Amino acid sequence: MNSSSAKLPFIVERATELFWRNGYEGVSIEDIVKETGVNRYALYQSFGGKKGIFFACIDGYCEDAKMHMLDLLAEPGKKAFDAIRESVVEKLCDGHMVDAGCLMTTTAVDIAPKDPEVAELMQSHTAELKAMLQASLSRAQAEGDIAPTQNLASISEIIFSLIVSAGVQARMGLPHEKIRADVDAAFCSLRYFPS
């Protein structure tokens with residue numbers, strides 16, 4: 001691995017911070033140069049430009065969210081419904097989310113309507129996250145935490161809507177304790193307790 005490729009995770013991490021707090025249009029290549037210490041030429045060589053860096057940031061952000069849920073699902077003795085709930089609620093307590101909202105949500109609202117490439121990327125990641133939620137909910141249903149008659153696709157849509165709503169509310173500056181409590185209460189209402 002050459003020194004340029006070794007810096008890629010660092011560049012994506014620092015650029016993600018910039019895009020998260022300032023939005024796509026509020027970040028320039030020069031901002032990324034200053035934040036990372038990597039020169040403009042190297043950034044263009046590695047990513048092809050600002051949009052390429054942004055796409056790498058969105059990919060990394062979504063991959064991190066998926067891995068967080070998978071790690072919780074893999075914990076011995078952890079029920080799937082609890083893992084899903086904890087994954088969402090813990091993300092809402094992330095310092096970045098509290099200050100800046102959800103990067104996917106702000107991107108979907110601010111950039112996707114104006115840029116078909118960004119819209120396509122967001123739709124792709126959204127479909128992956130919903131499919132992962134639905135597969136995890138299938139396990140929760142098998143464990144008896146969701147009624148066997150429930151439509152898992154609908155529940156995954158509801159959970160995804162909760163995530164989006166929480167991201168918007170965080171961006172609006174609502175107290176994260178309230179957002180977390182509301183999302184936790186919504187999850188409790190989705191859980192099925194057999195009689």
Side-chain angles (χ1 to χ4, degrees), residues 1-74 83-84 86-133 135-136 159-160 163-164 166-173 176 179:
M1 179 183 287
N2 62 39
S3 61
S4 175
S5 60
K7 289 183 181 178
L8 292 181
F10 168 77
I11 294 167
V12 171
E13 180 183 333
R14 300 306 287 269
T16 299
E17 294 272 349
L18 288 173
F19 288 125
W20 206 338
R21 294 187 182 280
N22 304 310
Y24 180 76
E25 293 171 343
V27 175
S28 67
I29 282 288
E30 193 55 39
D31 293 329
I32 299 170
V33 168
K34 287 178 186 172
E35 183 69 22
T36 63
V38 177
N39 69 53
R40 180 185 295 262
Y41 175 77
L43 291 174
Y44 276 96
Q45 281 290 100
S46 298
F47 298 97
K50 177 177 138 176
K51 187 180 276 189
I53 299 170
F54 182 66
F55 278 23
C57 293
I58 292 291
D59 288 344
Y61 180 87
C62 292
E63 191 60 31
D64 180 63
K66 288 187 282 187
M67 290 308 300
H68 181 65
M69 187 180 294
L70 288 172
D71 287 346
L72 286 170
L73 286 163
I84 298 165
E86 286 175 35
S87 176
V88 173
V89 172
E90 284 176 15
K91 281 294 181 185
L92 298 180
C93 294
D94 183 290
H96 300 297
M97 177 74 93
V98 172
D99 295 338
C102 170
L103 181 60
M104 271 192 75
T105 300
T106 55
T107 298
V109 171
D110 295 341
I111 310 303
K114 300 179 253 183
D115 189 316
E117 284 183 296
V118 173
E120 185 177 343
L121 179 69
M122 299 307 296
Q123 289 164 9
S124 173
H125 279 302
T126 296
E128 286 178 20
L129 289 168
K130 286 179 182 177
M132 183 180 166
L133 271 173
S136 303
I159 292 172
F160 192 80
I163 295 167
V164 171
V168 171
Q169 291 180 72
R171 189 75 165 192
M172 290 167 52
H176 75 277
I179 298 170

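Side chains included, hydrogens not; waters and symmetry mates left out as well; all remaining heavy atoms used. Worth saying up front: this structure is predicted, and the values here are computed from it rather than measured.
- Using a 4.5 Å heavy-atom cutoff, the side chains of Ile32 and Phe19 are in contact.
- A 4.5 Å side-chain heavy-atom check between Met69 and Ser136 finds at least one atom pair inside the cut-off.
- The pair Glu63-Lys66 counts as a salt bridge, with a side-chain nitrogen and a carboxylate oxygen less than 4.0 angstrom apart.
- Rounded to the nearest 0.5 Å, atoms CD (Glu86) and CG (Asp71) are 12.5 Å apart.
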Quiz: residues 37-44 side-chain donor-acceptor pairs under 3.5 angstrom, not counting sequence neighbours:
residue: Asn39; atom: OD1; partner: Tyr41; partner atom: N; Å: 3.1
residue: Asn39; atom: OD1; partner: Ala42; partner atom: N; Å: 2.7
residue: Arg40; atom: NH2; partner: Glu30; partner atom: OE1; Å: 3.1

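- The minimum heavy-atom distance between Cys62 and Leu129, with the atom names listed, is O-CD2, 4.4 Å.
- At least one side-chain heavy atom of Ile58 sits under 4.5 Å from a side-chain heavy atom of Met122.
- Atom OH of Tyr24 sits about 10.5 Å away from atom OG1 of Thr107, to the nearest 0.5 Å.
- In this structure the side chain of Ile11 reaches within 4.5 angstrom of the side chain of Phe47, judged on heavy atoms.
- Here OG1 of Thr126 is found 7.5 Å from CD of Gln123. Values are rounded to the nearest 0.5 Å.
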Under 3.5 Å, side-chain donor or acceptor atoms of residues 108-121 against the rest of the protein: list the pairs with distances, not counting sequence neighbours.
residue: Lys114; atom: NZ; partner: Glu25; partner atom: OE1; Å: 3.4
residue: Lys114; atom: NZ; partner: Glu25; partner atom: OE2; Å: 3.1
residue: Lys114; atom: NZ; partner: Asp110; partner atom: O; Å: 3.2
residue: Asp115; atom: OD1; partner: Lys51; partner atom: NZ; Å: 3.3
residue: Asp115; atom: OD1; partner: Glu117; partner atom: N; Å: 2.9
residue: Asp115; atom: OD1; partner: Val118; partner atom: N; Å: 3.2
residue: Asp115; atom: OD2; partner: Lys51; partner atom: NZ; Å: 2.6
residue: Glu117; atom: OE1; partner: Lys51; partner atom: NZ; Å: 2.8

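- Without hydrogens or angle criteria, Tyr61 side chain to Leu103 main chain gives a donor-acceptor distance under 3.5 Å.
- For Asp64, the side-chain hydrogen bond (donor to acceptor under 3.5 Å, both in side chains) criterion is met by Lys91, not counting sequence neighbours.
- Distance check: Arg14 CZ to Cys57 SG gives 12.0 Å after rounding to the nearest 0.5 Å.
- Distance alone, capped at 3.5 Å, is enough to place a donor-acceptor pair between the Asp31 side chain and the Ser28 backbone.
- How far CG of Leu72 is from OG of Ser87: 5.5 Å, rounded to the nearest 0.5 Å.
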Does the side-chain contact (heavy atoms from CB on, under 4.5 Å) test come out yes or no for Met104 and Ile163, once each step is laid out?
CA-CA 10 Å; Met104 271 192 75; Ile163 295 167; over 6 Å; no

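- Side-chain atoms of Thr16 come within 3.5 Å of backbone atoms of Val12 as a donor-acceptor pair (strictly under, hydrogens ignored).
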